[in-house]
Each structure stands twice: as C-alpha cells, then as structure tokens.
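Reminder, nothing fancy here: chain letters follow the sequence lines and each chain counts from 1. Since the structure is predicted, the reported quantities are computational estimates derived from the model, not experimental observations.
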Amino acid sequence: MAQSEESDVTDKVIRDVEEHLEQGKFPLQFYNDADVHELELDRIFGEKWIFVGHESEIPEPGDYARRYLGNDPFIFVRSEDGEINLLFDACRHHGAQLCRAEQGNTAHFRCPYHGWTYKNDGDLIGVPQKSAGFKNLDRDENGLFHAPRLETYNGLVFGSLAQDGPSLEEYLGGFKWYLDIQFDMVDGGMEVMGEPHRWTVDANWKTIAENFNGDSYHTAWAHGSILDLELGGEETVGGAGTGESIDRHVYVDGHTLSTRMLDEPVHLTYPDSVESLLTGDGLSDEQYDIGKRALQFVGAVFPNFGFIHFGNTTDDSAKEVCPFFSIRKWQPVGPDEMQIWSWALVPKEAPEEFKERMYKMYTASFGPSGNFEQDDVNLWEGITDSAQAQVARSENYALNYQMGMEWMTDVDIDTEWPGPGTAYTENLQEGGMRQFHEQWYESIVDGEGSER
Amino acid sequence: MSKSIDGVDEEELQALVLERNVRNFYKREADLLDDRELEQWFELIDKDIRYWMPRRLMKEHEPSEFDEDGYFFDEDFGSLKARVERFDSSYAWAERPPARVRRYVTNVVVEDWSDDELDVHSNVLVYYSQDDTEDYSLISVRREDTLRRTEDGFTIAERTIYPDHTILGISKLSTFL
C-alpha cells in the first residue's frame with residue numbers, strides 16, 4: 001500500500017476501534033478486511049516477535065525446516081557451529097528458492113537456477129564461473145539474508161523482521177514465569193515429537209488468537225461433546241465459573257495465561273511413570289506449587305503463538321486420563337485464511353511408552369482431527385464470513401467482550417497470587433481478549449509513519 | 001458344478017470373485033459413511049482395529065515420505081468408537097450441519113490373501129462440502145487395509161491412510177476415511 005492509502009486505513013481503524021475499545025467491544029469488520037490485513041502484516045507481523053519453532057526440531061548441525069515470519073519464507077537451520085539461523089529463502093542472484101523440503105539435513109543450499117551455493121549459515125561459497133562472470137562479486141555482501149533478529153527462550157525460537165525493538169525476554173516479560181512452568185514442570189524439559197500438523201482454515205487469524213487469550217467461557221459449550229462422551233473431567237472442561245476447580249486468568253505484559261487448579265497435587269495428571277521427574281527441579285517453589293496443583297493451562301503470546309497444556313482428558317472413557325501439550329502458531333495467510341501450525345511436545349526424559357501415549361492424546365484432542373479442535377474451526381470460519389458483510393461496515397457492528405469488566409461481572413484480583421501480572425479469581429473473564437485488542441490497536445497506531 | 005471359461009483357470013476365477021467381493025464391500029462402506037450411518041459403519045470394524053493416518057512429509061528427494069513419529073490420528077477400537085459416538089452429541093459442531101460428502105474408491109488391488117485375511121490397497125478421493133456455500137475440499141489418500149473374513153463378510157482389521165497432502169486443505173478432519 002502507498003503511504004497515503006495506508007494512513008487512510010489507519011485513520012479508519014482508529015476511528016472505528018476507538019469508539020468500541022473502552023466499552024470492551026471490537027469491530028466485526030476487522031476480522032475480514034484486505035486493507036487491515038496488509039497493515040497487520042506490516043505493523044504486527046513485520047514488527048513483533050514471531051514464533052519460528054522449537055530448538056529440539058533441529059538438534060544436529062545441518063538440520064533444517066522451512067518456516068515463515070508473517071508469510072515470508074525462511075529456512076530455520078542449525079549451522080555447522082551449532083548456531084541456529086533463520087535465512088530468507090531467496091537466492092541473492094535472481095531470487096529463486098533454495099529450500100525444497102519441509103525439513104531435512106544439509107551442509108549447503110544450492111540454488112537450482114544458476115547454481116549459487118550457500119553454506120548452512122547463509123555464507124555464499126559457490127558461484128559458477130565466478131572468475132569469468134562475476135569477478136568482482138563480494139561474497140560477504142551476497143550471503144543469504146538473515147532474519148534481522150532471532151532469539152530463543154526456553155527452547156522456543158522467535159524471529160523478528162524489525163531491526164530494532166525489545167529483546168525477546170523483555171517482550172515476554174512476566175510471561176516467562178508461566179512458560180517456565182510448562183517447559184520445566186517435568187525434569188529434563190520438553191521436546192517436539194513428530195512434525196507439526198499444518199492445515200488451512202478459512203478464518204481470520206485473530207479468531208483463534210482470541211480463543212487462546214483466555215476463552216474459558218467457550219469450553220463447556222463449543223466442546224460439550226467431550227463432557228457428553230466423558231472424555232474429559234468436569235473440572236477441566238466444564239462451564240466457566242462452575243465446579244470445584246480454582247480458576248485463574250492472568251494478564252501479563254500483553255500475554256495471557258488461564259489455568260484451572262485443584263487444592264491438591266495433580267500435576268496435570270502426569271502418571272506414575274513420570275512421577276520421579278516431577279521434583280520441580282528448575283522451578284521456584286511458587287512456580288512448582290502452581291504446576292503441581294494445575295489441571296490445565298492455556299496461554300497466548302501476542303500476536304500468534306499459543307499453547308495448551310492439558311490434563312484430565314482421554315481418547316476413550318474406558319482408559320486412564322493423560323496429559324497432552326501442544327504449542328501452535330496461526331499464520332496469517334490472508335484476511336480470511338490462516339494456516340494453523342501445531343506441534344506436540346513430550347517430556348524429554350519420560351519413558352518412550354509414555355511419550356507415545358502423550359502424543360496420541362494430543363492427536364485425540366487437538367490438531368485437525370482432534371475431538372476438541374474439530375469443533376472450533378467452523379465457528380471461526382463463520383465469524384470471518386459474517387465479517388465481510390456490508391452491515392459489519394455500515395453499522396460498524398461491534399462484538400461484545402465485556403465479560404469481566406467491573407460493571408458487568410463481579411471481579412476480584414487474587415492479591416496473594418505468587419506470579420507476575422494480574423490474576424483474576426474467576427475465569428468468567430474476557431480480559432485477555434480485551435488486552436489482545438488493545439495490543440492490536442496500539443501496534444497498528446504506533447506503526448503509523450514508521451520507516452518500514 | 002463349476003462352469004469353465006476358456007483359458008481361465010479356477011484360481012484366476014477365485015481371485016476375480018474375491019476382488020469383486022472386496023469392491024462391493026468398499027462400495028457399501030463408502031455408502032454408509034456418505035450417508036452418515038456411522039453405527040452401521042462401525043459394525044465393519046474389527047475389535048483389533050488399528051485405524052491410523054501418518055503425516056506425509058515434503059522431502060527433497062523422496063516422493064512419498066512419512067513422518068516416523070508423527071501422525072494425524074492412530075485409533076484402537078475404544079478410541080475409534082469414541083470418535084464415532086461423539087457425532088451423536090448435540091455439541092459436535094464439526095458436523096453440524098452434516099457435511100455433504102462423497103467417497104470415490106478406485107484402484108482396488110487385492111495384494112495377498114489367506115483363508116483368514118486379505119491385504120488390499122485402494123485410492124480414495126473424498127469430496128467434502130459444508131455450510132451454505134458451493135465451496136468444497138478434496139481429500140486424496142491411498143489406503144492400505146487388512147480385511148478379515150468373517151461369517152458376515154469382511155471386517156476391517158487394519159487401515160493405514162496415507163494422505164497426498166502435507167498441509168491439509170480442509171479445516172478439520174471430521175469425516176472417516
């Protein structure tokens with residue numbers, strides 16, 4: 001978009017969102033708008049920290065996987081020196097792509113067009129007939145382009161297309177405390193098992209983002225079949241604000257965590273076979289206590305990373321419950337299309353048999369055929385469909401996210417909560433989604449007039 | 001009793017009849033699934049069933065490579081039964097409204113057979129359309145089955161579903177393949 005068109009769209013966003021945001025509302029039209037989508041690619045996906053993958057996916061030198069920042073193609077690769085690189089997949093010569101696999105292992109990437117060859121750290125090492133055809137070519141200036149910034153926290157690798165900005169740790173802020181619980185609650189940490197599931201959904205990426213920003217309210221309704229089939233306990237998937245569980249929604253530095261806990265040690269129903277790994281080694285006493293009492297966690301990092309670490313569900317009511325752990329990103333393919341990437345994680349040190357069971361539990365519940373996730377996607381597609389309606393624009397039709405606002409819901413803050421951020425004592429709360437909208441709005445407005 | 005056809009021996013005739021029976025079985029199975037007669041379909045499932053769908057990978061050199069650890073689903077009798085029964089729930093939104101689905105089962109080859117079991121592979125193309133739209137998705141897979149002979153006909157003892165997709169072009173897999 002030209003600069004002036006871009007600022008016209010920004011003005012519209014400011015005008016249309018501002019009147020709603022303070023009331024806990026958000027315009028429907030922005031879930032399917034080509035101009036807004038362009039702005040998001042520029043000011044959100046071009047600026048923020050975007051999840052790339054887990055370092056356990058590329059353990060050995062030369063291991064690589066094809067990944068995207070926004071919709072830009074990159075090669076996520078561990079070079080011979082053991083460093084992780086994120087290389088833009090376009091030959092410096094005429095731009096042909098070098099990566100022809102979802103994953104693999106290679107020392108070099110060779111361009112199929114004219115044969116320019118790069119080491120797996122991006123350095124240009126081969127140019128056919130260089131001495132005759134490119135005698136003054138500076139190899140140092142013609143290596144593959146590295147993502148401007150690439151940082152790792154607790155195995156999670158994020159990249160950013162922006163040259164400047166907060167470090168990943170500053171960006172995650174207090175949310176690191178909650179990521180630590182997920183990744184360190186089982187001694188030895190977590191590793192990715194299998195390749196990520198990838199599938200396209202005709203829905204705007206913000207629909208699933210909201211869902212992961214603390215939508216406890218939808219669980220009993222959208223996933224009521226889980227209760228009907230006794231594939232999950234009432235405390236885990238029952239109605240928000242009901243039952244025996246101790247529920248918390250935590251909003252911290254723009255990111256969201258929701259949890260349901262019991263007043264006894266349950267460790268997300270990790271079984272006896274991993275009990276010896278549940279010592280809390282690597283966690284503070286406070287983190288360990290939260291992890292110990294939790295039945296489930298759902299979390300989201302702005303803009304498009306989420307996780308679900310659930311216990312107390314099963315694939316067959318005749319079988320024992322078992323936890324699963326999925327991390328995911330939603331790639332903003334278009335205003336009305338996203339590609340979901342979903343990884344399964346398992347404890348690195350757990351017995352093989354348990355890892356297999358935990359992977360199976362992931363596929364039973366989440367991923368494209370998950371008994372939970374199947375039922376979400378139609379709903380997100382429906383929102384996206386209605387968002388293109390004339391009424392959405394002419395009326396500036398707004399959606400309601402007021403649950404948990406003081407005048408709408410009795411809310412209490414848990415002043416004893418040991419972790420960072422603000423912890424609400426109820427999960428009848430849509431504050432995580434309001435926080436997401438605020439972040440979205442600030443990103444769009446702050447990005448106006450930026451050099452990029 | 002046996003009528004002879006010139007140049008065709010008894011063994012070839014047996015193979016032909018077997019293949020026809022298998023194709024008829026698949027036609028009936030596809031009809032049950034297309035018509036969402038899921039309970040009747042589940043009667044075709046053997047107690048020992050392994051019903052699973054590996055995750056295809058895009059690799060530089062190999063045309064059909066599958067993930068060693070990962071898969072889309074891997075069901076035994078109990079977990080497949082739960083998936084079937086789930087669609088009876090009034091909360092199973094994935095199939096509300098029920099999708100309009102048609103399965104095309106082709107290239108049926110009976111690889112091997114004994115008195116008890118048959119190994120069969122086939123190609124399946126599924127047309128899948130839902131909601132108030134003409135849009136549809138296609139799912140293309142190769143199936144490798146072990147069928148078991150019973151008094152009431154065949155049952156499915158093992159089914160491996162090899163998808164031709166790395167990125168699924170369908171929003172969810174809520175139909176049986």
Side-chain angles (χ1 to χ4, degrees), chain A residues 66 99-104 106 192-203 220-231 314-319 337-341 343-344 346 355-356 359-364 367-371 373-382 385, chain B residues 50-62 65-97 99 130-133 135-137 139 161 163 165-177:
Chain A
R66 186 178 238 288
C99 180
R100 286 173 294 277
E102 281 181 286
Q103 47 103 303
T106 191
V192 166
M193 187 161 167
E195 280 297 297
H197 288 147
R198 299 168 62 185
W199 70 107
T200 53
V201 176
D202 294 334
W221 194 256
H223 304 299
S225 75
I226 302 296
L227 280 172
D228 281 357
L229 271 285
E230 298 176 353
L231 299 176
T314 183
D315 56 343
D316 170 2
S317 58
K319 294 196 196 105
E337 184 180 348
M338 63 174 160
Q339 186 182 132
I340 305 180
W341 293 63
W343 291 257
V346 296
K355 289 182 184 179
E356 285 168 18
Y359 185 88
K360 183 174 191 308
M361 263 318 297
Y362 154 70
T363 62
S369 52
N371 286 325
E373 193 144 25
Q374 281 181 33
D375 288 343
D376 282 315
V377 288
N378 281 15
L379 314 177
W380 300 331
E381 290 184 335
D385 191 34
Chain B
R50 183 185 188 195
Y51 172 85
W52 73 299
M53 178 161 151
R55 199 269 198 215
R56 182 183 280 273
L57 285 172
M58 175 178 76
K59 299 288 279 185
E60 175 145 12
H61 304 293
E62 300 87 358
E65 188 78 4
F66 289 84
D67 192 4
E68 282 174 21
D69 300 316
Y71 49 79
F72 286 103
F73 50 78
D74 186 356
E75 309 305 339
D76 57 23
F77 189 80
S79 63
L80 185 58
K81 185 163 187 271
R83 284 186 181 276
V84 168
E85 290 176 350
R86 202 182 78 81
F87 291 110
D88 293 337
S89 164
S90 51
Y91 294 98
W93 305 108
E95 288 294 327
R96 287 184 167 249
Q130 194 177 28
D131 296 329
D132 196 20
T133 172
D135 290 349
Y136 58 88
S137 303
I139 311 165
I161 300 153
H165 314 255
T166 51
I167 303 165
L168 295 177
I170 186 168
S171 59
K172 78 276 172 188
L173 282 175
S174 52
T175 197
F176 296 96
L177 297 169

Requested in this report: Report the option among B:Thr133, B:Asp131, B:Thr166 that has the most heavy-atom pairs separated by less than 4.5 Å from atoms of chain A.
Outcome: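 Ranked by heavy-atom pairs under 4.5 Å with chain A, first place is B:Thr166.
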Report task. Quick one: which of B:Leu173, B:Leu80, B:Asp135 has the most heavy-atom pairs under 4.5 Å with chain A, could you say? Result ->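 Ranked by contacts with chain A, first place is B:Leu173.
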Report task. Enter the distance from A:Ser317:OG to B:Glu85:CD here, rounded to the nearest 0.5 Å. Result ->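 Between atom OG of A:Ser317 and atom CD of B:Glu85 there are 8.0 Å.
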Heavy-atom pairs under 4.5 Å with chain B: which of [options] has the most?
{"options": "A:Glu356, A:Met193, A:Glu373, A:Gln339", "value": "A:Gln339"}
{"options": "A:His223, A:Arg66, A:Arg198", "value": "A:Arg198"}
{"options": "A:Leu229, A:Asp316, A:Asp375, A:Asp376", "value": "A:Asp375"}
{"options": "A:Val377, A:Ile226, A:Thr106, A:Leu227", "value": "A:Val377"}

Polar side-chain atom of [X] near backbone of [Y] as donor-acceptor pair, under 3.5 Å:
{"X": "A:Glu102", "Y": "B:Met58", "value": "yes"}
{"X": "B:Asp67", "Y": "A:Glu195", "value": "yes"}
{"X": "A:His197", "Y": "B:Tyr71", "value": "yes"}

Flag if over 12 foreign heavy atoms under 6.0 Å of [atom1], [X]:
{"X": "A:Glu230", "atom1": "CD", "result": "no"}
{"X": "B:Lys81", "atom1": "NZ", "result": "no"}
{"X": "B:Glu68", "atom1": "CD", "result": "no"}

What part of [X] gets within 4.5 angstrom of chain A, counting heavy atoms only: side chain, backbone, both, or neither?
{"X": "B:Arg86", "answer": "both"}
{"X": "B:Ile170", "answer": "backbone"}
{"X": "B:Phe87", "answer": "side chain"}
{"X": "B:Gln130", "answer": "side chain"}

Might you point out which heavy atoms bring [X] and [Y] nearest each other, and give the distance in Å?
{"X": "A:Gln374", "Y": "B:Ser174", "value": "OE1-CB, 3.2 Å"}
{"X": "B:Leu168", "Y": "A:Pro368", "value": "CD1-CG, 3.7 Å"}
{"X": "A:Asn378", "Y": "B:Trp93", "value": "ND2-O, 3.5 Å"}
{"X": "B:Phe72", "Y": "A:Ser369", "value": "O-OG, 3.2 Å"}
{"X": "A:Glu381", "Y": "B:Ser171", "value": "OE2-CB, 3.2 Å"}
{"X": "B:Gly169", "Y": "A:Thr200", "value": "CA-OG1, 3.6 Å"}

Query raised in the report: chain B heavy atoms under 4.5 Å from A:Leu231: which part of the residue, side chain, backbone, both or neither?
Result: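 For A:Leu231, side-chain heavy atoms alone lie under 4.5 Å from chain B.
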Requested in this report: Please identify each residue that fulfils salt bridge (charged side-chain N to carboxylate O under 4.0 Å, His left out) with A:Lys360, with sequence neighbours left out.
Outcome: A:Asp315, B:Glu75
**Report entry** Any residue meeting salt bridge (charged side-chain N to carboxylate O under 4.0 Å, His left out) with B:Asp74, in chain and number order, not counting sequence neighbours
**Finding:** B:Arg50
Query raised in the report: What's the verdict on side chain to side chain contact (heavy atoms under 4.5 Å, CB included) for A:Asp228 and B:Tyr91, showing C-alpha distance, side-chain angles and the deciding distance?
Result: CA-CA 8 Å; A:Asp228 281 357; B:Tyr91 294 98; 3.5 Å; yes
